[in-house]
2 protein chains.
Amino acid sequence: MTNMASGNTIAEVASLIGDAARANMLAALMGGQALTAGELAHHAGVTAQTTSGHLARMTGAQLLTVEKQGRHRYYRLASPAVAQAIHALMAVAAEGPKRHHPIGPKDEALRLARTCYDHMAGRLALAVADSLVRQGHLILADGVGLVTESGQGFFCDFGIDLTEAAPSRRPLCRTCLDWSERRPHIAGRLGAALLDRALDRGWVARRPDSRALRLTRLGDQGFATIFALPADWREPGAGHRP
Amino acid sequence: MTNMASGNTIAEVASLIGDAARANMLAALMGGQALTAGELAHHAGVTAQTTSGHLARMTGAQLLTVEKQGRHRYYRLASPAVAQAIHALMAVAAEGPKRHHPIGPKDEALRLARTCYDHMAGRLALAVADSLVRQGHLILADGVGLVTESGQGFFCDFGIDLTEAAPSRRPLCRTCLDWSERRPHIAGRLGAALLDRALDRGWVARRPDSRALRLTRLGDQGFATIFALPADWREPGAGHRP
DNA sequence: GGGACGTTTCGGCCGGGACCGAAGCATTCG
DNA sequence: CGAATGCTTCGGTCCCGGCCGAAACGTCCC
């Protein structure tokens, strides 16, 4: 009974995530898009009424935010902190049972390029990160990234303003351990901005019902030239030792 | 019903954490020490039988590890990933309700110096981090830290070998958002090593039943001279604008 | 050996909450 | 306006799991 404070609220949060239906909804929202109550019900595999209750509780606890639009209600994760917590739980869940590649061959598209909350992941994201490091635009070490002098210019040319006086405490460039391969890709504000620009330019497009990203013909060229990707970046092991 | 894989195991993990009694035990273990079943029962405020059940489930799910020693059983967090997940959940729990300093004045010792899983936190840790940055031994930015050339020497002199060819993928220097103040302190392997050395040298000592650290007379001197701490490092706001 | 202590197992109680069917609002469209 | 659609509220069922008392097991000490 020393300091029992703050211990119980983490239990509330965790128990909210600790239900199969809700966890599935949250995992679906890790895609970064806002989803309607109906879509979330579908992801969770429960009826609309049940879903409604779940969503009410999660928004009440500030895990989600709602935005009503016509007769739809769009839900999204309330903050990067929530995404990070879910990510951390996924990491723990993945390391428990010793099945390292049990996910199956089904989702090759996911392994190639997908969204991870608000940034890109998959081999494309790894190739981009490797490339930025190789060109000296980014120093990637020990779980973080630092934008170099030359990087500032590069990202600015690419349409990303990094100077922003940071009203938010959100880190500029975190890294995120990739789920398919085992190497870090770019997350944080920089990661989000990269995804935004790539979507703006039509280099990648979201798929309807999946976190996978479709690499367009335009993007195929664009990434290869601007980021100077190696020819074999689609290969699973590429980039391990340049 | 797109990709429901992996969603349900995170629910299992989260639901394990999502119980008040278990959450209290885990929070207690965030101190980094191994604790006996009895101590954990005390922290959780439930009987020994109940605790036993909880601990069995958590070790079964690889959240905890046990080590039996005589008639005691020592439990600790099974991995840094578990600690990180709990940390992330704490962050979410803290940002929900808008009470920023509700914790109370009681635990001044905690605010001054405490352990956070395996490294130091509190104003002492902040002062150390500030100091290392000021002296150019460390670059702290965007949620990560990089050890500079001069830092390599400094830490080596202090008894920390950083060269270790990293058999573990664990980041050398992560940062961790401090709970009392709002600034980052040093975590990761470097953070753990700093705490170890400080304990070795008798600069700080663990308190019996709390995460708070006691700063010894020796440590008072030691930190001040080796790390060149400013005179006012004990003040809550110190270091904000050097 | 006997007794104290730490921990686990068993059995039973009981409450919270996940779930669904049916009905009630709200919004959009014909 | 009425019908269709998306979502919520209400009422009721049911089961999972947290909790404790009692008792067994293992370990240390005298």
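So you know, we letter chains A, B, ... as the sequences are listed, proteins then strands, and number each from 1.
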Item checked: Test log, rule salt bridge (Lys or Arg N to Asp or Glu O under 4.0 Å), inputs Arg189(A) and Asp161(A) -> CA-CA 10 Å; Arg189(A) 287 217 318 276; Asp161(A) 182 19; over 6 Å; no
Margin query: Using the rule given for side chain to side chain contact (heavy atoms under 4.5 Å, CB included), can you reason through Tyr75(B) versus Thr59(B), listing the C-alpha separation, both sets of side-chain angles and the distance that settles it, and then say yes or no?
Written below: CA-CA 9 Å; Tyr75(B) 290 87; Thr59(B) 57; 3.5 Å; yes
Next item on the list: Show your working on side chain to side chain contact (heavy atoms under 4.5 Å, CB included) between Arg214(B) and Arg206(B) and close with a plain yes or no.
Entry: CA-CA 6 Å; Arg214(B) 189 170 54 83; Arg206(B) 293 183 188 278; over 6 Å; no
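Close approach of DNA chain C to chain A, defined as any atom under 4.0 Å from a non-hydrogen atom of the protein, starts and stops at dG17(C) to dT28(C).
A side chain to side chain contact (heavy atoms under 4.5 Å, CB included) with Val92(A) is found for exactly one of Leu63(B), Ile17(B), Leu16(B), namely Leu63(B).
Thr50(B) has a side-chain polar atom (N or O) that falls below the 4.0 Å cut-off from OP1 or OP2 of dC20(D).
Electrostatic pairing of Asp118(B) and Arg76(B) does not count as a salt bridge here, judged by no charged N lying under 4.0 Å from a carboxylate O.
Thr36(B) comes within 4.0 angstrom of sugar-phosphate atoms only, judged by non-hydrogen atoms across all strands, and of no base. Residue contacts shown for Ala48(B) include a base, since a base heavy atom lies under 4.0 Å away.
Of the residues in residues 67-76 of chain B, those lying under 4.0 Å from DNA chain C by heavy-atom distance are Arg71(B), His72(B), Arg73(B), Tyr75(B).
When each of Ser52(B) and Arg57(A) is assigned the nucleotide of DNA chain C bearing its nearest heavy atom, the one mapping closer to the 5' terminus is Ser52(B). Residue whose closest nucleotide on DNA chain D sits further toward the 5' end, between Ser15(B) and Gly38(A): Gly38(A).
Side chain of Asp19(B), nearest nucleotide from dG21(D), dC7(D), dG18(D): dG18(D).
Per the geometry, CD belonging to Gln49(B) stands 13 Å off C1' belonging to dA24(D), to the nearest Å. One atom, CE of Met58(A), and another, P of dC7(D), lie 14 Å apart when rounded to the nearest Å. Taking atom CD of Glu12(B) as the reference point, atom P of dG17(D) lies 10 Å away to the nearest angstrom. The interatomic distance linking Met25(A) (CE) with dC7(D) (C1') rounds to 13 Å, in whole Å.
Between Trp203(A) and Asp220(A) the shortest side-chain heavy-atom distance does not fall below 4.5 Å.
Between Thr9(A) and Glu12(A), the side chains place no donor N or O within less than 3.5 Å of an acceptor N or O (distance only, hydrogens not considered). Side-chain contact check for Glu39(A) and Thr36(A): at least one donor-acceptor pair (N or O, by modelled atom type) lies under 3.5 Å.
Residue pairs that meet the salt bridge (Lys or Arg N to Asp or Glu O under 4.0 Å) test with at least one member in residues 190-205 of chain A, sequence neighbours left out, are Arg197(A)-Asp200(A).
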